[in-house]
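As the structure is a prediction and not an experimental result, all values here were calculated from the model.
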Amino acid sequence: MSASVASNLLAWFDRTQRDLPWRRCRDPYAIWVSEVMLQQTRADTVRPYWERFMKRFPSVRELAEAPLDDLLKAWEGLGYYRRVRNLQTAARQIMSRHGGQLPADASALRALAGIGPYTAGAVASMAFGLAEPALDGNAVRVVSRLYEVAGDVSSAGVRAELEAKIRALLAEKSARSRPGDLNQALMELGATHCAPQSPRCEACPVRSECRGWLGGEPARLPLRRRKAPVPFAEIAVALCVEGDRVLVARRPETGLLAGMMGFPAVVLQDGESLEEGSVRALAVVGLRGEPIGPLLSYPFVFSSLRSRHQVILVRRSGGEPAGGAFFADRQELAALALPAALAPIRQVLDSAGDWHVLAAPTGVTMPVADAALGSEAAVG
DNA sequence: AACCCGGGGTA
DNA sequence: TACCCAGGGTT
């Protein structure tokens, strides 16, 4: 019936595909790294990270043997930091299970840390030419519209249905020798034409085959259940400066920003003041302390949490840093991988000529924060 | 199946 | 603002 869909997609892809650096190489390792970076992350964002990462960690072995802090620094700002931990776990699994070479097998790939159904299919098809579907968010949108699949795409059954549609496309004669390109063509079409809200159907290479377009309302698909509202949290951040050093602490191994370095912080409970929260944050890392005064406040939106970070200066009155916390000088702070949510604080510290003024008992220097932050980030 | 996990682009 | 993105892991 639609034997031309695959060939039309491939011809269009050959004509218009974006020039992405990982498309220039055939190294399975390089393709794998790019696919992990591309999880929930746009190609234009990934590009510079991938270039730097490949120079610094050019092979599975170097990734497997790298210090975790170096990996986190290379990942700084990309988010979902669990990805890079899993990447190293998988590199070590590849060393021990597969002699340092990525396995040319979807099931074996799927068994590696951080590789799920999508990434297994993507690497299998792009790096090894296997006929495996790579069903990402783009492909979900394109395929659900192409075949007017009207079920909830977050359900396992509908996902299987969509994968079956892709398998059928991969089996078409024109696609048999290039499954990776067909998968990429589906994703490319979703990224550039088959947009969530306003698809550019006029320029679509498979419009005449698209049941969604023929039905007149392609943008109503795909269907998914409504997501729960995003909760809000007030976060108290204790900034403890002593001389030319600032207290940093490693976050818990579970939950938000697991295992990342940061400044002592707690989520304020109902009725708890910023000052009380800051004392509690210090206690977590083994210090007694007293609040000096607020330094800055800014909103930060995660995908699963809206927050307001309230940064308050504190002074240690006793105790020693415990549990991975320590006082870092400027050089040590610069070397730490910090999540983007803490970037405004790093910026204040970087632009403050002398940290002593931040530790002053009175007359908190708000102009420093205002100058460093910009109007959007500074919230009262 | 539901929930959690960063960050950023875009309509 | 709301949505969603070359998703995966845990429970």
Nearest-Å distance once atom P is located in both dA6(C) and dC3(B) = 25 Å
Separation between the P atoms of dT11(C) and dG6(B), rounded to whole Å = 16 Å
Working for side chain to side chain contact (heavy atoms under 4.5 Å, CB included), residues Trp22(A) and Ile31(A) | CA-CA 6 Å; Trp22(A) 45 89; Ile31(A) 293 172; 5.6 Å; no
Stretch residues 21-52 of chain A: residues that reach within less than 4.0 Å of DNA chain B through a heavy atom | Gln40(A), Thr41(A), Arg42(A)
Calculate, to the nearest 0.5 Å, the distance between atoms CZ and CZ belonging to Arg26(A) and Phe128(A) respectively.
-> 10.0 Å
So Trp32(A) and Tyr29(A), would you call those rings parallel, tilted or perpendicular, with 30° and 60° as cut-offs?
-> perpendicular
Cation over ring face, Arg145(A) and Tyr147(A), 6.0 Å, 45° = no
Quick one: label Ala122(A) by what it contacts on the DNA or RNA (base, sugar-phosphate, nothing), any heavy atom closer than 4.0 Å.
-> nothing
For Ile115(A), report the nucleic acid contact type (base, sugar-phosphate, nothing); a contact means any heavy atom under 4.0 Å.
-> sugar-phosphate
Tell me, please, the opening and closing nucleotides of DNA chain C, 5' to 3', among those with an atom under 4.0 angstrom from a non-hydrogen atom of chain A.
-> dA2(C) to dG9(C)
Does Arg23(A) pair with Glu188(A) as a salt bridge, N-O distance under 4.0 Å?
-> yes
Start with the C-alpha distance between Lys73(A) and Asp70(A), add both sets of side-chain angles, then the distance that settles salt bridge (charged side-chain N to carboxylate O under 4.0 Å, His left out), and finish with yes or no.
-> CA-CA 5 Å; Lys73(A) 191 65 182 174; Asp70(A) 292 357; over 6 Å; no
